[in-house]
Amino acid sequence: MDGATQRLRIRSEQVRILYDGLWLPMVSVVLVAGLLLVSLWSVVDQRQMLAWVTAVVLITFARLGLAWRFQRKQPPAEAARRWMIGYAIGSTASGLLWGACGLWLFPVSDFQHQVILVVALAGIASGGAVTMAPVWPIAATFLILTLLPLSLRYLWLGGPASLTAAAMVWLFLGFTLAVSHRWNRILRDNFHLQAEGETREQALRASESRYHTIFQASPLGMLHFDAQGRVTDCNDKLLQITGESRERFLGFDMLESVQSIRVKRAVQRALSHGEGYYEGDYSMLTASGPALPVRILFSGVRDDQGAIVAGVAVVEDLTERRQAEETIHRQAYYDALTGLPNRRLLSERLAQLMAESAHRGEHGAVLFIDLDRFKEVNESLGHSVGDRLLNATARRLTELLRDGDIAARVNSDEFVVVVARIRGDRQQVIDGVNGVAERVMSALSEPYHLSDRPLLVTPSIGFALFGEEQSSATGLLKQAETAMFQAKTEGRAKACGYLPSMHTAAVWRLNLEQDLRLALEGDQLQLHFQPQVDGDGRIVGGEGLLRWLHPKRGMVQPVEFIPVAEESGLILDIGQWVLDQACEALMRLDARQLPRLSINISPRQFGQPEFVASIGRGIERSGIDPSRLQLEITEGVMIDNLIETIETMRDLKRIGVGLAIDDFGVGYSSLSYLKRLPLDELKIDRSFIQELDNSNDEAIVQTIITIARNLHLTVVAEGVESAAQRDFLLSNGCHIFQGFWFFRPLPFDALVAAINDCQSTA
Ligand code: C2E
Ligand code: CA
Ligand code: CA
């Protein structure tokens, strides 16, 4: 409460007391006036007397009326001033009347009656001095108005007795003024005290209510306990956090029954030193209850003398914070898709494992695993199948692990397995790691059942050992990755151990992609043509084969750069370029010179939604007869999604191009689907031809030829290097040959020359 409001309150209190105490004095006033009327009737002017009494009664009634209205209205503090003025007018009028009485109704000649009048006025003055004391100016005015005229009257009378009387009246006036003033002081002090008390009480109530609000609405659990550590109160939040009922909390002894010695100590400290703290997992009341991660601040509550008489505990539930921390940790260290550790966590754990191994004299290995053709799976079957494949891979890897080993996913389709605690000499270690690599290989090569068709995916694995020489985790991972690239280069679905020489190869590979981009733009690519001949040596077709004349490295073989082109996606542009070159060649040579030309289509190309259309456009632009162009695809193309593959092949047949299955025999060799494909030609892989001396392969080649003939497909034998091979094939029903025995792949001009040469000898 500020000063102004306090003054306002005090004034309204003064006014209230003025009006409250008005009844009794007013009744007395009327009584005294009545007594005076009776006793002075015979000695004063009766008309004056009557008039005076009437005036007194009227004023009294007016004042009573005012008091009555005041009681009824209970006016607000702001109106106190007006009511005070009203009172002052009434009291002043009353004082004037009593003064007038002392002046005009003074019985000059009759001493006895004078005494009556003086006593009456003194009585009235004393009464007024007390009842009007709440506002001293009002009281003083009233007293002076009442008594001064009487004293003047005595002065006027003259003579020693009258002068003495006048002096006595003054004395009395002074005395009543002093009494009234003193009363006023006491009252005012009282008012102040009261107002201050109220202010204090109000502040206390406000603070209490504030605390109560905080206690109840706090986002923190709170409880009060007494000096003995017994819980006396707790808020709803605490019940909510702990899931306990209030009844269970109330009376709970935090010194005796508490579960944890650390909590007990914190309570004790709060009660002895004023503060205690606990942070950790804690089950509030029963050991069987859920253990919550909490932080509790205990504080002692002190009395006026500073002695601790109770305590408060503030309980913060850290569950959410803990969860958030765990989430952040998970996101930072684990792969969201598979739940495996990510590269960061792998690096940390690997470094740790390497240190431990070195310390124990043990060995370990890092296996870098990359899924072959994962991009194609993603593109042809969709990302959800890709994701499921990665998950399944992660599961298979985890199942292979022993305690202490790590499986991590470090990139889209790249996994790392760390095998630790391999003991023995170097050879035993290498054998052990090879065993692990084999197990990983066979586990990941099992068909995946993720869509309607079983999906076959192979891994390329590179591994590097640790334990002997000191190396860094990053360096080791790099080595394993390099070895993995080597495995890819060697034809995928392989495991390679790291050799220092691979480092240069890896650097070369890294540059290869960039160089290949430039090659495509800068005329470094060439399409060579390897003629195919029949039993009589006539050229009946050819295969287009890519060559890259690298400005620094010379001729780079397709086995080296095709995988890079596939992985980087460059194969799409390259494939387009090959198609254009082949069409141009067919344009420049008529059907008699070169009846047919085959080109190789990479699986990635084949899976493109735009693929059929681009073939159609190429043929249209060049105006060639579509049946002279043949597309060679590998079995890998149709493994993932047979239905879609058949669709695409049918579309191609509609355009009119021929379709050949390349490298037949090395792939997935499921013969059942061959029947369903709109194929024209089957190419026996050259590895079978080259091993023809081996009787087992003879049988294979014979089988392939039989199948092809049953399916009414043309069979082409690839990689024929000797007359013996040709004769064997010829006698078994294969009539078309491609191989160094006849021609190597030739530049266009050399092809033309070879054709002309053939035709002139024929
Ligand atoms: P491929 O489709 O099996 O091609 C036949 C490969 O056998 C060619 O190797 C060819 O030079 C080789 N060859 C032919 N006759 C003989 C022989 O008598 N003895 C031996 N040892 N080899 C013979 P090249 O040209 O190195 O091509 C390798 C592979 O690169 C091809 O295998 C094909 O898969 C891929 N490739 C080549 N050109 C293209 C292309 O334009 N596009 C795509 N996607 N792949 C291509
Ligand atoms: Ca081919
Ligand atoms: Ca081939």
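One-based numbering, in listed order, for ligands and for the atoms of each.
The ligand atoms of ligand 1 that sit less than 4.0 angstrom from a heavy atom of Glu721 are 17 (C), 18 (O), 19 (N), 20 (C), 21 (N). The atoms of ligand 1 that sit less than 4.0 Å from any heavy atom of Pro745 are 11 (O). The contact set between ligand 1 and Val578, taken as ligand atoms under 4.0 Å from a residue heavy atom, comprises 41 (O). Of all atoms in ligand 1, listed by their number and element, those nearer than 4.0 Å to a heavy atom of Gly739 are 15 (N), 18 (O).
Counted by atom type alone, Gln486 and Lys494 present zero donor-acceptor pairs between their side chains at under 3.5 Å. Asp372 and Thr458 share a donor-acceptor pair across their side chains, judged by distance under 3.5 Å alone.
With a 6.0 Å radius and a threshold of 12 heavy atoms from other residues, nucleotides or ligands, Gln557 has its CD atom above the threshold.
Taking the Ca ion (ligand 2) as reference, Glu543 places its N/O/S atom OE2 nearest.
Residues Arg409 and Glu414 are not paired through a salt bridge, judged by the lack of any N-O separation under 4.0 Å between the basic side chain and the carboxylate.
Polar contact with ligand 1: present for Asp662 (N/O pair, distance under 3.5 Å). Looking at Gly544 next to ligand 1, no N or O pair under 3.5 Å apart turns up. The shortest N or O to N or O distance between Asp663 and ligand 1 is below 3.5 Å. The shortest N or O to N or O distance between Gln738 and ligand 1 is not below 3.5 Å.
One option in Arg686, Glu718, Gln725 has a heavy atom closer to atom 32 (O) of ligand 1 than any other, and that option is Arg686. The heavy atom nearest to atom 46 (C) of ligand 1, out of those in Asn600, Leu545, Leu525, Ile599, is found in Asn600.
The shortest distance between side-chain heavy atoms of Phe728 and Gln702 falls below 4.5 Å.
Taking 3.0 Å as the criterion, Asn600 counts as a coordinating residue of the Ca ion (ligand 2), since one of its N, O or S atoms falls below it. With a cut-off of 3.0 Å, the Ca ion (ligand 2) has no N, O or S atom of Glu718 in range.
Vertex the Ca ion (ligand 2), arms ending at OD2 of Asp662 and OE1 of Glu632: the angle is 80° after rounding to 10 degrees.
The closest donor-acceptor contact from the side chain of Asp625 to the backbone of Ser627 lies under 3.5 Å.
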